Protein chains: 4
Amino acid sequence: MTPRTAKQFEAIRNSRRAQIMKTALELFAENGYQGTSISKISSRAKISKGLMYNYFQGKEDLLKTLIGEGINEILDLFDPNRDGVLTPEEFKFFINEIFSLMARKRKFYKLYFALMMQPSVRILTEQKINAVIAPMVSLLTDYYRRKNEDNPEMEALLMGALFDGIMLNYVFSPGNFPLDQIKDLLIKRFI
Amino acid sequence: MTPRTAKQFEAIRNSRRAQIMKTALELFAENGYQGTSISKISSRAKISKGLMYNYFQGKEDLLKTLIGEGINEILDLFDPNRDGVLTPEEFKFFINEIFSLMARKRKFYKLYFALMMQPSVRILTEQKINAVIAPMVSLLTDYYRRKNEDNPEMEALLMGALFDGIMLNYVFSPGNFPLDQIKDLLIKRFI
Amino acid sequence: MTPRTAKQFEAIRNSRRAQIMKTALELFAENGYQGTSISKISSRAKISKGLMYNYFQGKEDLLKTLIGEGINEILDLFDPNRDGVLTPEEFKFFINEIFSLMARKRKFYKLYFALMMQPSVRILTEQKINAVIAPMVSLLTDYYRRKNEDNPEMEALLMGALFDGIMLNYVFSPGNFPLDQIKDLLIKRFI
Amino acid sequence: MTPRTAKQFEAIRNSRRAQIMKTALELFAENGYQGTSISKISSRAKISKGLMYNYFQGKEDLLKTLIGEGINEILDLFDPNRDGVLTPEEFKFFINEIFSLMARKRKFYKLYFALMMQPSVRILTEQKINAVIAPMVSLLTDYYRRKNEDNPEMEALLMGALFDGIMLNYVFSPGNFPLDQIKDLLIKRFI
DNA sequence: GATGAATGAGAATTCATTCAT
DNA sequence: CATGAATGAATTCTCATTCAT
């Protein structure tokens, strides 16, 4: 009736939407995309199945949205207004950021990895993901170029692979992979 | 008139079996385990759905067999009754072997990774896979212990993560990941 | 506009559920449990196959529910708050009840017998069924013991077998088996 | 080549045929008709699936043959060109025969009952079965008529039902149903 | 907005039967 | 006569999506 009511409606919508996405992320990470049914999501999110389709066009749309928002959050972190120069100090900061992000967003990365491995799903998300990978690689390459390494591209690839491997191990077996010690060793070895 | 001989039957079985496994590996790698239906496998293998069940007990059995054979091939490589001591020379050999294996068995590793990421599928294969991972980790740990590193376990984990990352990148984007150069750099940096 | 009320939903569920169970009982009785497909049930009940699974967990659950409800109705009749003593008068009453039940629930007994005969299905329902058989047998045994028969257990078994035989004949060939006359003769002969 | 060889072939055929039928009867009795696959029968009978179809037109033909032979054996027993008069002595003999038959042919009766309960299967065997039931009923009716019972048909039906019930109980729970004691009690009570 | 009943396509699996050899 | 590989239809069951209310 009143404007305030409209706002309340919107608040409800937003919170419900967030609730659905949170639940879906959890379930996708636990059981995989294909292994998670709309039914399970809606019941765990305590809404009706039908209502899901009021918030998302379908299961695929839900997935894309989830990945999209995850990527956006990451992009926000590594926000670009920097000069493109990575000093050793900044590198340390960068590593800290990545590791902290990893721990905070473990479920998202679990889903992200699981999806990366399924080429059929990958297509759905590839563009978004490349948008975040590319600048990191180029930042790293520049870093090694400035250090006058023989083959800065290769060094960047190797370091990128190392990050990937660390994430992989941490995300899927956090119990067996002490992130803090790994981080310290990484800094000691490579910076 | 006369029935087929036992040898003839065995030949048929072997070739069909191989044909099914090849097709299944491809499709599992392409679309994931859950994303691949028995129907798709059988039609791509140009056999009837029913025949699948003459060769494998079911989809799960097919998967396990696939993983099992892959693992066995790897174990054969790293099996040797060696003394458990890894010299730098042997480490180089080891790396060469891994990289060569990776290139030859790319599809298998793609599948292997895809499976690792799907928790629901993981349990089906975890035992087999651990059987091959564990000895490698302990070999690496010993290697670093002998080099008097402060924290050999952590060094082994880090190196393991690096291998994982390299495999991951190569397996999923071989075009963007020049394996030979990476290998050279790896040896130069770490041995 | 407004969603259906909870009551409306419940009414729909109850009627659908009853409709499915009625159809299933008929078909199970006609063609046996194994000889009746979910497809046939759903098409005769004019619903989709999928909807079956909204009401029952599966074919086995449907069967168990059917048996369960039948058994419960019987248990209600022979409800136990009696003193465990069966006088000749009560025995007459008991026989009348059984015969009346038989006539009213012919389809259920047809199913019940058909199931008893299929060992693979029997185990699914054995417990429930024993729960109703056992007290009747012990009631009969007591009756004969009080009459000072030499071998009350055997008398009870024989009478039980007679009931079974009567039910069997009536249930499967009601046209050739005049229940009323049989009942009268039974009472005349045995009480 | 020689006539003797031909005879040998026939002997092999006959024994193999008997072997198949024995196995099929066992499995049908254990798991029901629908619950028994041709595959199981042939493997337990140690022949190939294909050979089954050399001996029987199909599963249904196998069933009909089985029932047919069973019925024929029974008919042979009760066949005698007797005068149609049943004295009490003969009745005792008759009962003894039935009980002995029951014990010897338990598996057959188990199958027979299981089939009787499935109307769709019943049709396949009804004629054969009536051929054996009818004369028994008329024999019993005559017996009671001669004893000047008020309602000899009903007495015969009741006695027939009792036999059915006894068979039913014995065939499906031989452990709980001591046939000898039941027989003695039956003779004592009814003759 | 909200519900959950209802659908229908497709999944894994089983099995009687056929057929080349 | 004998084999068992091969087929295809049928079966049970799942699930994303639609829709009447």
Side-chain angles (χ1 to χ4, degrees), chain A residues 9 12-13 16 34-43 47-60 62, chain B residues 1-6 8-13 15-17 34-42 46-60 62, chain C residues 1-6 8-13 15-17 34-42 46-62, chain D residues 9 12-13 16 34-43 47-62:
Chain A
F9 273 136
I12 290 173
R13 255 197 96 74
R16 205 137 25 198
Q34 319 229 32
T36 303
S37 70
I38 290 286
S39 233
K40 260 185 224 151
I41 298 172
S42 64
S43 78
I47 61 163
S48 73
K49 249 186 304 189
L51 196 53
M52 288 279 320
Y53 289 83
N54 207 314
Y55 287 87
F56 301 93
Q57 261 161 301
K59 204 181 169 185
E60 194 176 310
L62 174 55
Chain B
M1 279 284 195
T2 58
R4 261 176 278 218
T5 64
Q8 282 174 311
F9 277 129
E10 205 191 324
I12 291 172
R13 277 196 82 79
S15 101
R16 269 281 188 279
R17 192 185 159 83
Q34 317 226 40
T36 303
S37 72
I38 291 288
S39 234
K40 262 184 223 151
I41 297 173
S42 62
K46 312 232 191 227
I47 60 167
S48 70
K49 250 182 306 183
L51 193 57
M52 289 282 322
Y53 293 85
N54 201 320
Y55 287 88
F56 299 92
Q57 263 158 305
K59 203 181 169 186
E60 192 177 312
L62 176 53
Chain C
M1 281 286 193
T2 59
R4 261 176 280 218
T5 65
Q8 281 174 313
F9 278 130
E10 203 191 328
I12 291 173
R13 277 196 84 78
S15 101
R16 270 280 187 278
R17 191 185 161 84
Q34 316 227 39
T36 304
S37 71
I38 290 287
S39 236
K40 263 184 223 151
I41 298 172
S42 62
K46 314 232 189 226
I47 59 167
S48 71
K49 250 182 307 185
L51 193 56
M52 289 282 322
Y53 293 85
N54 201 318
Y55 287 88
F56 299 93
Q57 262 158 306
K59 202 182 168 185
E60 193 176 313
D61 179 47
L62 175 54
Chain D
F9 273 136
I12 290 172
R13 255 197 97 75
R16 205 137 29 195
Q34 319 231 32
T36 304
S37 70
I38 290 287
S39 233
K40 260 185 224 152
I41 298 173
S42 64
S43 79
I47 60 164
S48 72
K49 249 186 306 189
L51 195 53
M52 289 279 320
Y53 289 83
N54 206 314
Y55 288 88
F56 301 92
Q57 263 161 298
K59 202 183 172 186
E60 194 176 310
D61 180 47
L62 175 55

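Note that the coordinates shown come from a computational prediction; the quantities given were computed from them, not determined experimentally. In what follows, every chain begins at residue 1, and chains take the letters A, B, ... in the order their sequences are listed.
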Practice problem: Using a cut-off of strictly less than 4.0 Å, decide whether A:Arg16 has a side-chain nitrogen or oxygen near OP1 or OP2 of E:dA2. | Solution: yes
Exercise. Just compare F:dA16, E:dA6, E:dA12 and give me whichever is closest to any side-chain atom of A:Ser37.
Key: F:dA16
Quiz item: Who pairs with C:Glu10 by salt bridge (Lys or Arg N to Asp or Glu O under 4.0 Å), at least two apart in sequence or on another chain?
Solution: none
Self-check item: Contact under 4.0 Å: C:Arg13 side-chain N or O vs E:dG4 OP1/OP2
Solution: no
Exercise. Name the nucleic acid region contacted by D:Gly58, choosing base, sugar-phosphate or nothing; use a 4.0 angstrom heavy-atom cut-off, strictly under.
Key: sugar-phosphate
Exercise. Report yes if a donor N or O on one partner sits less than 3.5 Å from an acceptor N or O on the other, where the partners are the side chain of C:Arg4 and the base of F:dA20; otherwise report no.
Key: yes
Practice problem: With DNA chain E as reference, determine whether D:Lys40 or A:Lys49 sits nearer its 5' end, using the nearest nucleotide of each. | Solution: A:Lys49
Quiz item: Between D:Leu51 and C:Leu51, who's closer to the 5' end of DNA chain F by nearest nucleotide?
Solution: D:Leu51
Exercise. Determine the contact category for C:Ser15: base if any of its heavy atoms lies under 4.0 Å from a base atom, sugar-phosphate if only primed atoms, P, OP1 or OP2 are that close, otherwise nothing.
Key: nothing
Quiz item: According to the Watson-Crick and G-U wobble definition with distances under 3.5 Å, which dot-bracket string, read 5' to 3', encodes DNA chain E, using [ ] for crossing pairs and | for pairs with another strand?
Solution: .||||||||||||||||||||
Quiz item: Reckon C:Ile47 touches a base, only the sugar-phosphate, or nothing at all at heavy-atom distances under 4.0 Å?
Solution: sugar-phosphate
Exercise. Answer with base, sugar-phosphate or nothing: what part of the nucleic acid does A:Tyr55 contact at a heavy-atom distance below 4.0 Å?
Key: sugar-phosphate
Quiz item: Is the shortest side-chain N/O distance from A:Asn54 to OP1 or OP2 of E:dG1 below 4.0 Å?
Solution: yes
Quiz item: Which residue, C:Ile38 or A:Thr36, contacts DNA chain F at a nucleotide closer to its 5' end, judged by nearest heavy atom?
Solution: C:Ile38
Quiz item: Base, sugar-phosphate alone, or nothing: which one does B:Lys59 contact when heavy atoms must sit under 4.0 Å apart?
Solution: sugar-phosphate
Exercise. Establish, with yes or no, whether the OP1 or OP2 oxygen of F:dC13 is under 4.0 angstrom from a side-chain nitrogen or oxygen of C:Tyr53.
Key: yes
